[in-house]
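Working notes, beginning with the structure itself.
So you know, we letter chains A, B, ... as the sequences are listed, proteins then strands, and number each from 1. Quick caveat, the model's predicted, so the values are computed rather than measured.
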Number of protein chains: 2
Amino acid sequence: MGQMEEKSTRDRILEAAGEIFGLQGFKAATVRDICRKAGVNVALVNYHFGSKENLYRELGRDLVTQTFSRFPVDVFDPDAPAEVRLRAFVHATLSRLLSPGGLTGYPGRGQLMARELADPSPILDNLVEDFIRPTAQVLAGIVAELLGPEARDRDVMKGQISVIGQCSHYAVARPLITRLFAFDPSDQQNIEDLADHVTRFSLAGLASMRQRLEHPTEKPSDPSRNKGD
Amino acid sequence: MGQMEEKSTRDRILEAAGEIFGLQGFKAATVRDICRKAGVNVALVNYHFGSKENLYRELGRDLVTQTFSRFPVDVFDPDAPAEVRLRAFVHATLSRLLSPGGLTGYPGRGQLMARELADPSPILDNLVEDFIRPTAQVLAGIVAELLGPEARDRDVMKGQISVIGQCSHYAVARPLITRLFAFDPSDQQNIEDLADHVTRFSLAGLASMRQRLEHPTEKPSDPSRNKGD
DNA sequence: GACGAATTCAAACAGATGTTTTAATCATTT
DNA sequence: AAATGATTAAAACATCTGTTTGAATTCGTC
């Protein structure tokens with residue numbers, strides 16, 4: 001018989017904490033619930049992690065680092081055309097958010113990150129920013145290239161948010177989406193399909209932005225715009 | 001002197017509750033904090049509202065009904081072209097989410113609704129659905145018209161989410177956006193600008209979807225698709 | 001101005017919460 | 001097997017929680 005070793009107490013707590021924290025949020029979750037789910041004594045959270053707060057911090061760190069290592073930001077050839085890089089970025093982003101085991105992958109620890117996005121706790125603050133800012137910069141590079149040299153920072157930002165907003169909505173509003181539509185954003189086939197859709201939709205949107213930047217036909221609404229950066 | 005009557009205790013509690021609940025969430029907020037901020041005795045929450053839970057419920061009801069009455073869903077002429085209706089819908093949605101006093105308008109009660117979106121509490125459950133489902137249906141009508149007769153339900157859904165995701169990201173990820181960019185989504189001028197951007201971006205994206213629906217040139221990935229609905 | 005109802009207040013209550021303590025158990029080394 | 005250190009367990013602790021109580025105060029009305 002293979003020496004199927006049981007998981008360590010530490011890991012059992014971490015796993016249970018993921019579900020309880022994800023389901024109820026930091027404050028509403030109780031260490032007693034977590035320990036009951038993990039099948040361990042109440043004192044062991046403080047023995048292994050020092051405090052409830054530390055457990056949450058460590059859980060968040062694991063969740064983010066593991067997910068970003070499974071679905072890295074730079075999965076594409078940097079010399080590939082921007083269209084291809086956008087597809088790769090969108091696919092990685094959707095996978096990171098939606099895949100089973102991803103940031104909002106399965107019910108339970110799912111909404112932990114959605115909550116942190118809407119309302120970053122001081123605890124995960126740096127962490128969220130450490131991972132999200134670089135990711136945003138990668139997307140900014142792709143979008144800037146697609147928008148062309150006329151694009152100002154503000155334009156790049158709007159393009160970025162239009163792309164990322166489409167992706168993150170499936171994660172953030174997942175409870176609503178599964179209720180309003182009969183649709184499972186975690187299904188692998190759907191993720192592929194969504195990546196195609198978001199990429200195509202965004203390429204058209206960005207092209208439209210670029211066209212307007214290069215041919216500001218009607219509505220010269222803002223005459224004080226300086227292109228030569 | 002004008003009889004500048006002070007606000008009633010009830011209203012003072014409601015106001016303070018908006019800030020505390022919005023800032024900390026239902027569970028983390030304490031009635032003692034709320035009462036301290038309102039400058040009233042601890043017992044008055046239960047006297048005027050029956051319970052903390054009821055206070056939260058009533059607050060949520062007020063917030064949603066007031067905001068939807070300020071920024072209604074049907075602000076447009078139903079006979080107007082779909083492009084115009086989309087612009088009106090997007091503008092109303094962004095205003096509802098971002099305007100000062102709107103659902104995520106100012107710090108405090110702001111993130112209450114963002115939280116409920118990511119993780120609807122049983123308390124506001126029906127409420128959220130009562131307001132969001134009809135809104136989604138209005139958008140579905142607009143998107144369906146823009147996508148043309150070839151669009152299936154799944155296509156409409158994807159189009160919807162691409163539009164609404166762009167809007168809601170400014171609200172849901174507001175803490176991140178204000179940190180990553182120097183941008184205030186609540187500024188009236190910015191809301192107008194964003195409405196233009198999202199509308200234009202989406203029209204291009206939807207047009208691209210339609211073109212592919214009507215001319216499925218490459219990648220006949222799904223041969224089992226029946227158009228004549 | 002007095003009566004009665006509505007409102008406000010200080011205090012207390014019962015239960016839950018994160019954490020600590022102290023002793024028991026387990027694993028590893030000698 | 002004894003000793004040592006790490007881990008687990010049961011119980012208690014101090015604090016905080018929403019809520020209730022009962023008296024004080026205010027307000028409208030006769």
- Does the pair A/D77/A/R85 count as a salt bridge with the N-to-O cut at 4.0 Å? no
- Grab the CD-C1' distance between B/Q24 and D/dC16 for me, whole Å please. 14 Å
- With nearest nucleotides of DNA chain C determined for A/A28 and A/Y47 from heavy-atom distances, which residue corresponds to the more 5′ nucleotide? A/A28
- Query: Relative to A/F183, does B/R154 satisfy both conditions: NZ or CZ under 6.0 angstrom from the six-membered ring centre, and within 45 degrees of the ring's axis?
  - Reply: no
- Item | salt_bridge(A/E58, A/R10) N-O dist < 4.0 Å | yes
- A/I161 vs B/V198 side-chain heavy atoms within contact, under 4.5 Å: no
- Would you kindly check if the NZ (Lys) or CZ (Arg) of A/K52 is within the cone defined by 45 degrees around the ring axis of A/F26 and under 6.0 Å from the six-membered ring centre? yes
- Message: Without decimals, in angstroms, what is the distance between A/R12 CZ and D/dT8 P?
- Response: 9 Å
- Task: For A/A43 and for B/K27, find the nucleotide of DNA chain D with the closest heavy atom, then tell me which residue's nucleotide is more 5'.
- Result: A/A43
- Query: Between A/D125 and A/R57, is there a salt bridge with N-O shorter than 4.0 Å?
  - Reply: no
- Take atom CD1 of A/I13 and atom P of D/dT7, then tell me their distance rounded to the nearest Å. 12 Å
- Task: Measure the distance from CZ on B/F49 to C1' on D/dT20 and round it to the nearest whole Å.
- Result: 18 Å
- Covered region of DNA chain C, 5' end to 3' end, by chain B [heavy atoms, under 4.0 Å]: C/dA6 to C/dA12
- Message: So, does A/T9 get its side chain near the phosphate of D/dT8, meaning an N or O under 4.0 Å from OP1 or OP2?
- Response: yes
- Message: Expressed as a whole number of angstroms, how long is the span from A/R10:CZ to D/dT7:P?
- Response: 11 Å
- Message: Does this structure show an ion pair linking A/E192 with A/R87, if we count only N-O contacts that are shorter than 4.0 Å?
- Response: yes
- Item | B/D11, CG: over 12 other non-hydrogen atoms inside 6.0 angstrom | yes
- Message: What residues from residues 29-41 of chain B pass a heavy-atom cutoff of under 4.0 Å to DNA chain D?
- Response: B/A29, B/T30, B/V31, B/R32
- Between A/H48 (NE2) and D/dA9 (C1'), how many Å, whole number? 12 Å
- Please report, rounded to the nearest Å, how far the C1' atom of D/dG18 is from the NZ atom of B/K52. 8 Å
- Message: How close do A/Y56 and A/S121 get, counting heavy atoms only, and between which atoms?
- Response: CE2-OG, 3.9 Å
